[in-house]
Amino acid sequence: MAERKIIAVVGATGAQGGGLVRAIAEDPAGGFVARAVTRDPGSDTAKALAKLGAEVVAADVDDEASLRNAFEGVHGAYCVTFFWAHFSPEKELAEAAAMARAAKAAGVRHAIWSTLEDTRKWVPLSDDRMPTLMGKYKVPHFDAKGEANRLFTDAGVPTTFLLTSFYWDNLIHFGMGPKKGPDGTLAFTLPMGEAKLAGIAAKDIGRCAYGIFKGGAQHIGRTVGISGDQPTGAQMAAAMTRVLGREVRYHAITPEAYRGLGFPGAEDLGNMFQFYRDFERDFCAARDPAVARALNPALQDFGQWVAANKGRIPLD
Ligand SMILES: NC(=O)c1ccc[n+]([C@@H]2O[C@H](COP(=O)([O-])OP(=O)(O)OC[C@H]3O[C@@H](n4cnc5c(N)ncnc54)[C@H](OP(=O)(O)O)[C@@H]3O)[C@@H](O)[C@H]2O)c1
């Protein structure tokens with residue numbers, strides 16, 4: 001058998017990277033093997049990845065030498081940053097720069113940079129429809145990722161820019177699921193009016209990334225946008241009602257009200273949802289589900305995701 005190409009996966013114990021490691025493991029004849037990058041190879045999650053056949057290596061995106069070591073000898077590298085671990089766009093930029101330099105130094109043939117739009121191209125800082133945050137961002141966790149695209153290009157790394165979308169898993173893990181109101185009815189809150197939300201099952205991001213690595217050179221230098229479905233808030237509530245067997249109403253609030261909810265990151269997310277709403281056409285058009293399905297035939301739509309996660313979506 002020909003030697004398998006190694007894909008170094010940053011964030012392998014998390015949502016995006018975990019999906020990619022599993023996609024590689026589920027296709028043993030595909031010609032690839034995963035190198036799972038983690039800060040702690042001794043964790044239960046890392047050990048589970050090793051059982052799937054992944055090589056597990058220790059590295060930290062804040063330690064460039066460790067990244068160079070993790071990328072040594074690989075064909076591909078999946079690069080992602082972890083905004084919600086530190087809430088710092090500057091740190092994301094520094095981490096992306098370190099990954100790009102490490103990929104170049106190691107001679108990586110194909111990198112995927114998990115990115116999002118720099119929303120300041122649509123909403124300049126002078127536009128006061130939404131507040132400027134942290135001095136120079138509109139949606140900090142988007143803007144820094146978009147700004148970081150050029151770091152990969154400038155470093156000369158053969159890169160695919162993967163535009164991800166809203167994880168439906170946020171309904172389970174991020175407190176965004178339906179909540180019981182004073183009258184006992186479940187309500188699903190979004191500050192998006194009637195606009196469509198391009199979303200995806202988090203594990204499908206990794207599966208699409210695997211499709212990109214398999215497709216190879218044709219994707220290098222390109223931006224690939226993915227989503228699993230693009231329902232409105234009302235359609236998401238209707239799908240949950242149908243699949244979960246409990247009435248879920250859509251509760252549309254304003255982005256201003258969302259920004260004021262007071263939890264860490266509420267302003268950033270309020271601006272993000274306003275960006276989705278105000279630039280619905282651009283945001284959705286950049287993430288055609290047909291593109292994602294061509295990369296990943298098992299792609300779930302929202303109804304399928306709800307059915308697969310029945311029992312995990314909190315209903316209280
Ligand atoms: N939630 C959404 O809807 C959404 C949508 C699109 C994009 N995103 C973006 O997705 C990114 C996060 O990706 P994810 O959801 O896959 O992450 P995740 O599930 O939160 O965690 C990924 C893994 O990252 C590792 N990690 C954290 N800090 C690290 C560091 N300094 N060095 C090396 N590894 C580190 C951790 O592994 P170890 O502990 O094993 O090291 C963790 O298990 C964020 O930047 C977010 O903005 C999120």
Side-chain angles (χ1 to χ4, degrees), residues 8-23 35-50 54 56-67 69-71 77-96 98-99 102 112-119 137 139-148 161-177 190 197-209 225-228 264-265 268-269 271-273 275-276 283 286-287 292 302 305:
V9 183
V10 176
T13 59
Q16 297 187 26
L20 175 56
V21 173
R22 283 184 178 76
R35 179 180 289 174
V37 178
T38 170
R39 292 165 301 176
D40 179 10
S43 74
D44 288 346
T45 316
K47 285 184 193 158
L49 298 178
V56 177
V57 301
D60 188 316
V61 290
D62 297 320
D63 173 354
E64 194 170 328
S66 74
L67 285 171
N69 185 46
F71 290 173
Y78 188 78
C79 300
V80 55
T81 45
F82 311 102
F83 180 85
W84 303 109
H86 47 65
F87 291 80
S88 165
E90 279 75 26
K91 205 163 176 185
E92 278 197 293
L93 280 162
E95 292 168 348
M99 285 188 276
I112 295 179
W113 164 231
S114 173
T115 190
L116 289 163
E117 284 86 348
D118 183 340
T119 66
Y137 302 99
V139 184
H141 78 284
F142 270 53
D143 298 349
K145 291 184 180 71
E147 188 177 328
F161 303 90
L162 180 63
L163 277 178
T164 62
S165 25
F166 178 85
Y167 305 173
W168 295 320
D169 308 67
N170 293 333
L171 274 58
I172 301 173
H173 306 298
F174 222 74
M176 292 188 187
L190 276 183
L197 173 58
I200 195 162
K203 69 177 180 188
D204 275 331
I205 297 175
R207 288 182 174 159
C208 290
I226 53 169
S227 71
D268 189 328
L269 292 173
N271 282 8
M272 174 191 80
F273 284 121
F275 175 70
Y276 289 166
F283 191 78
R287 295 165 166 76
F302 183 65
W305 178 84

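Heads up: numbering here begins at 1 and tracks the sequence. The figures here come from the full heavy-atom set of this structure, side chains too, leaving out hydrogens, waters and symmetry mates. Given the structure is predicted, the values throughout are model-derived calculations rather than measurements. Atoms within each ligand, like the ligands themselves, are counted from 1 in listed order.
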Note every protein N or O atom lying under 3.5 Å from an N or O atom of ligand 1, pairing the names and giving the distance.
{"from": "ligand 1", "atom 1": "1 (N)", "to": "Asn170", "atom 2": "OD1", "distance (Å)": "3.2"}
{"from": "ligand 1", "atom 1": "3 (O)", "to": "Tyr167", "atom 2": "N", "distance (Å)": "2.9"}
{"from": "ligand 1", "atom 1": "3 (O)", "to": "Asn170", "atom 2": "ND2", "distance (Å)": "2.8"}
{"from": "ligand 1", "atom 1": "10 (O)", "to": "Gln16", "atom 2": "NE2", "distance (Å)": "3.1"}
{"from": "ligand 1", "atom 1": "10 (O)", "to": "Tyr167", "atom 2": "OH", "distance (Å)": "3.2"}
{"from": "ligand 1", "atom 1": "15 (O)", "to": "Tyr167", "atom 2": "OH", "distance (Å)": "2.7"}
{"from": "ligand 1", "atom 1": "16 (O)", "to": "Ala15", "atom 2": "N", "distance (Å)": "3.3"}
{"from": "ligand 1", "atom 1": "16 (O)", "to": "Gln16", "atom 2": "N", "distance (Å)": "2.8"}
{"from": "ligand 1", "atom 1": "19 (O)", "to": "Ala15", "atom 2": "N", "distance (Å)": "2.8"}
{"from": "ligand 1", "atom 1": "28 (N)", "to": "Arg39", "atom 2": "NH1", "distance (Å)": "3.4"}
{"from": "ligand 1", "atom 1": "31 (N)", "to": "Asp60", "atom 2": "OD1", "distance (Å)": "3.0"}
{"from": "ligand 1", "atom 1": "32 (N)", "to": "Asp60", "atom 2": "OD1", "distance (Å)": "3.4"}
{"from": "ligand 1", "atom 1": "32 (N)", "to": "Val61", "atom 2": "N", "distance (Å)": "2.9"}
{"from": "ligand 1", "atom 1": "37 (O)", "to": "Thr13", "atom 2": "OG1", "distance (Å)": "2.7"}
{"from": "ligand 1", "atom 1": "39 (O)", "to": "Arg39", "atom 2": "NH2", "distance (Å)": "2.9"}
{"from": "ligand 1", "atom 1": "40 (O)", "to": "Thr13", "atom 2": "OG1", "distance (Å)": "2.7"}
{"from": "ligand 1", "atom 1": "40 (O)", "to": "Thr38", "atom 2": "OG1", "distance (Å)": "2.5"}
{"from": "ligand 1", "atom 1": "41 (O)", "to": "Arg39", "atom 2": "N", "distance (Å)": "2.8"}
{"from": "ligand 1", "atom 1": "41 (O)", "to": "Arg39", "atom 2": "NE", "distance (Å)": "2.9"}
{"from": "ligand 1", "atom 1": "43 (O)", "to": "Thr13", "atom 2": "OG1", "distance (Å)": "2.6"}
{"from": "ligand 1", "atom 1": "45 (O)", "to": "Thr81", "atom 2": "O", "distance (Å)": "2.7"}
{"from": "ligand 1", "atom 1": "45 (O)", "to": "Phe83", "atom 2": "N", "distance (Å)": "3.1"}
{"from": "ligand 1", "atom 1": "45 (O)", "to": "Lys145", "atom 2": "NZ", "distance (Å)": "3.0"}
{"from": "ligand 1", "atom 1": "47 (O)", "to": "Lys145", "atom 2": "NZ", "distance (Å)": "2.8"}

Which residues share a salt bridge (Lys or Arg N to Asp or Glu O under 4.0 Å) with Asp118, sequence neighbours left out
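Asp118 satisfies salt bridge (Lys or Arg N to Asp or Glu O under 4.0 Å) with Arg120 only.
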Partners of Glu64 by salt bridge (Lys or Arg N to Asp or Glu O under 4.0 Å), sequence neighbours excluded?
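Residues passing salt bridge (Lys or Arg N to Asp or Glu O under 4.0 Å) with Glu64: Arg68, Arg101.
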Salt bridge (Lys or Arg N to Asp or Glu O under 4.0 Å): pairs with one or both residues in residues 78-94, sequence neighbours excluded:
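Salt bridge (Lys or Arg N to Asp or Glu O under 4.0 Å) check on residues 78-94 returns Asp62-Lys91, Glu90-Lys136, Glu92-Lys145.
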Would you call the rings of Phe275 and Phe142 parallel, tilted or perpendicular, where under 30° means parallel and over 60° means perpendicular?
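Because their plane-to-plane angle is over 60°, the rings of Phe275 and Phe142 count as perpendicular.
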Any idea how Trp168 and Phe302 line up, ring-wise: parallel (<30°), tilted (30 to 60°), or perpendicular (>60°)?
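Judged by the thresholds at 30° and 60°, the geometry between Trp168 and Phe302 is perpendicular.
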Check whether any side-chain N or O of Arg207 sits under 3.5 Å from a backbone N or O of Lys203 as a donor-acceptor pair, and report yes or no.
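Here the side-chain-to-backbone pair does not exist.
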